[in-house]
Structure formats: C-alpha cells, structure tokens
Amino acid sequence: MTEREKMLSGQLYCADEPELNAARHRADLLCRQLNALPMAETELRMEVLRQLLGKVGKNCAINPQFRCDYGSYIQVGENFFANYNCVILDCAPVTFGDNVFIAPNCGFYTAGHPLDYPTRNALLEFAKPITVGDNVWIGGNVVVLPGVTIGSGSVIGAGSVVSRDIPENVLAVGNPCRPIRSINPEDRRML
C-alpha cells in the first residue's frame with residue numbers, strides 16, 4: 001500500500017515521500033497563482049480553482065490568501081465562498097455542500113499527529129475527512145478538526161473550535177464548539 005493510499009484510508013502514513021511531495025508542490029504553485037490573480041479576474045481565478053480542486057460548483061469564490069496541501073481532495077458545491085486567509089489541509093477528503101459561506105481566517109485540518117511521541121517523531125501522521133453540509137455559515141477564526149461533520153443549515157459562531165460533529169440546523173459556538181440552540185423559522189426571515 002502506498003503512503004497516499006494509507007493517507008486516504010485514515011491509516012498512519014509518512015507525508016515525506018516523493019509522490020506526496022510532488023502533489024503538495026503542484027498545489028503550492030496553483031495556490032500561489034490563484035493568490036496572485038486580481039479579484040476582478042473571476043474567469044482566470046475559476047480556471048485555476050478547477051485545476052487545483054477536486055470538484056468546483058458554479059459560483060465559487062475564494063479570496064486570497066488561500067492555502068491547501070493537495071487541493072485535489074477538496075470538493076466545493078455551488079455558491080461556495082471562502083473569505084480571506086482560508087487554510088484547508090486536505091490530507092483526507094474535505095467536502096463542502098452548496099451555499100457554504102466561510103468568514104476570514106478559518107482553518108479546516110484533516111491532518112493529525114499521534115499523541116505517542118516516538119510515533120510522531122518517526123514523521124508518521126494520520127488524516128480524517130471533514131464534511132460540511134449545505135447552507136452552512138462558518139464565522140471568522142473558526143478551526144475545524146479532523147473527522148468532523150457539520151450538518152446542513154447550521155451556523156458555527158466566530159472563534160469556535162469544532163472538534164466533534166455538529167447536527168443540522170443549529171447555532172453552535174465555543175471551544176469546544178457545541179450546539180446552543182436550534183435555528184428556527186424566525187431566524188430565517190430577512191432582517
């Protein structure tokens with residue numbers, strides 16, 4: 001089994017090997033290209049995103065500075081928006097549904113390191129997928145950790161650290177992030 005196969009299956013793997021290094025270098029070049037393009041160059045930006053990401057829905061926009069490990073393991077639905085300084089460590093699949101809005105300075109980290117220092121010092125790591133449903137809003141400075149699913153219709157409050165699954169249609173906040181109440185029909189009215 002290759003290190004890439006181990007990585008994608010959630011097993012311990014070594015990221016410092018030629019195939020994975022080449023894939024990260026490719027993503028680095030495409031991220032640099034994307035971040036250097038003016039915001040008004042929407043078609044060119046979309047072209048780079050299509051090369052970088054595994055799947056890109058209609059009306060996708062990602063503001064600079066955007067960084068990712070591989071890009072090819074990221075899927076974004078329609079009407080996806082990530083504001084400034086988004087980081088996605090996609091050592092496992094990261095899937096965003098339709099109508100997902102991400103505020104500035106957010107991180108989605110599929111990669112993790114063993115607590116056991118001899119294993120960690122052997123440069124072994126693991127990765128678990130992240131899934132974000134449809135119609136989700138993620139506030140500024142949110143961190144989403146490996147293996148988390150955020151249910152459709154939910155809102156994650158600014159500054160939260162999401163270390164466990166969040167159900168559908170809730171407002172969730174804090175460190176650790178927890179649902180504090182359901183989102184109700186009155187919340188869905190226009191102000």
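Just so it is clear, the model here is predicted, and its values are computed rather than measured. Along the sequence shown, residues are numbered consecutively beginning with 1.
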**Check: Gln65/Tyr84 side-chain N/O donor and acceptor closer than 3.5 Å** = no
**Item:** Contact check, side chains of Ile130 and Thr110, non-hydrogen atoms, under 4.5 Å
**Value:** yes
**Request:** Can you see which heavy atom on Met46 is nearest to which on Gly57, and at what distance?
**Result:** CE-O, 4.1 Å
**Message:** Is a donor from one side chain sitting under 3.5 angstrom from an acceptor on the other, for Asn35 and Arg32?
**Reply:** no
**Request:** Quick one: do Asn21 and Asp16 satisfy side-chain contact (heavy atoms from CB on, under 4.5 Å)? Show the steps, please.
**Result:** CA-CA 6 Å; Asn21 285 336; Asp16 188 22; 3.2 Å; yes
**Request:** Might you point out which heavy atoms bring Ala103 and Gly139 nearest each other, and give the distance in Å?
**Result:** CB-C, 3.4 Å
**Asked** Taking atom OG of Ser9 and atom CZ of Arg4, what is their separation to the nearest 0.5 Å?
**Response** 10.5 Å
**Asked** Closest heavy-atom contact between Cys177 and Ile156?
**Response** SG-CG2, 4.0 Å
**Closest non-hydrogen atom pair between Lys128 and Gly10, with its separation** = NZ-O, 3.8 Å
**Request:** May I ask you to check whether Asn99 and Asn135 show a side-chain donor-acceptor distance below 3.5 Å?
**Result:** yes
**Fill in**
Here the gap from Leu29 atom CG to Leu34 atom CG, rounded to the nearest 0.5 Å, amounts to 12.5 Å
**Request:** Run the salt-bridge test on Arg50 and Glu47 with the 4.0 Å N-O cut-off and return the result as yes or no.
**Result:** no
**Message:** Once rounded to the nearest 0.5 Å, what's the spacing between atom CD of Glu3 and atom CD of Gln11?
**Reply:** 9.5 Å
**Request:** Taking the side chain as every heavy atom from C-beta outward, state whether Tyr73 and Pro129 have any atom pair closer than 4.5 Å.
**Result:** no
**Request:** Would you indicate whether the side-chain heavy atoms of Pro93 and Gln75 approach each other to under 4.5 Å?
**Result:** no
**Message:** Below 30° counts as parallel, above 60° as perpendicular, anything between as tilted: where do the rings of Phe96 and Phe80 land?
**Reply:** tilted
**Request:** State, to 0.1 Å, how close Arg120 and Leu115 come at their nearest heavy-atom pair, and which atoms those are.
**Result:** NH1-O, 3.0 Å
**Message:** Would you compute the distance between atom CD1 of Ile62 and atom SG of Cys86 and round it to the nearest 0.5 angstrom?
**Reply:** 6.5 Å
**Complete:** Of all heavy-atom pairs linking Val136 and Gly153, the shortest is CG2-N, 4.0 Å
**Cluster overlap Ile150 with Val143, hydrophobic side-chain contacts below 4.5 Å** = no
**Prompt:** Is there a side-chain contact between Ser163 and Leu145 (heavy atoms, below 4.5 Å)?
**Reply:** yes
**Item:** Any side-chain donor near an acceptor of the partner, Asp98 and Asn79, under 3.5 Å
**Value:** no
**Prompt:** What distance do Ile74 atom CD1 and Ile88 atom CD1 have between them, rounded to the nearest 0.5 Å?
**Reply:** 4.0 Å
**Request:** Treat each ILVMFWY residue as a node, draw an edge where side-chain heavy atoms are under 4.5 Å apart, and state whether Leu49 and Val94 are in one component.
**Result:** yes
**Message:** Just so I know, are the side chains of Ser154 and Pro167 near enough to count as touching, which here means a heavy-atom distance under 4.5 Å?
**Reply:** no
**Prompt:** Is Arg67 close to Asp28 at the side-chain level, that is, under 4.5 Å between some pair of heavy atoms?
**Reply:** yes
**Message:** Quick check on the hydrophobic clustering: are Val56 and Val48 connected, directly or via other members, by side-chain heavy-atom contacts under 4.5 Å?
**Reply:** yes
**Message:** What's the separation between atom CZ in Phe108 and atom OG1 in Thr95, rounded to the nearest 0.5 Å?
**Reply:** 12.0 Å
**Asked** Given side chains that start at C-beta, do those of Val173 and Ser160 come closer than 4.5 Å, heavy atoms only?
**Response** yes
**Prompt:** So, do Tyr70 and Arg24 sit near enough that their side-chain heavy atoms are less than 4.5 Å apart?
**Reply:** yes
**Request:** With side-chain contact (heavy atoms from CB on, under 4.5 Å) as the test, would you mind laying out the steps for Met39 and Arg45 before giving the verdict?
**Result:** CA-CA 8 Å; Met39 298 294 288; Arg45 293 179 66 78; 4.1 Å; yes
**Message:** Quick check: is Val142 connected to Tyr109 through a chain of hydrophobic side chains (ILVMFWY, heavy atoms under 4.5 Å apart)?
**Reply:** no
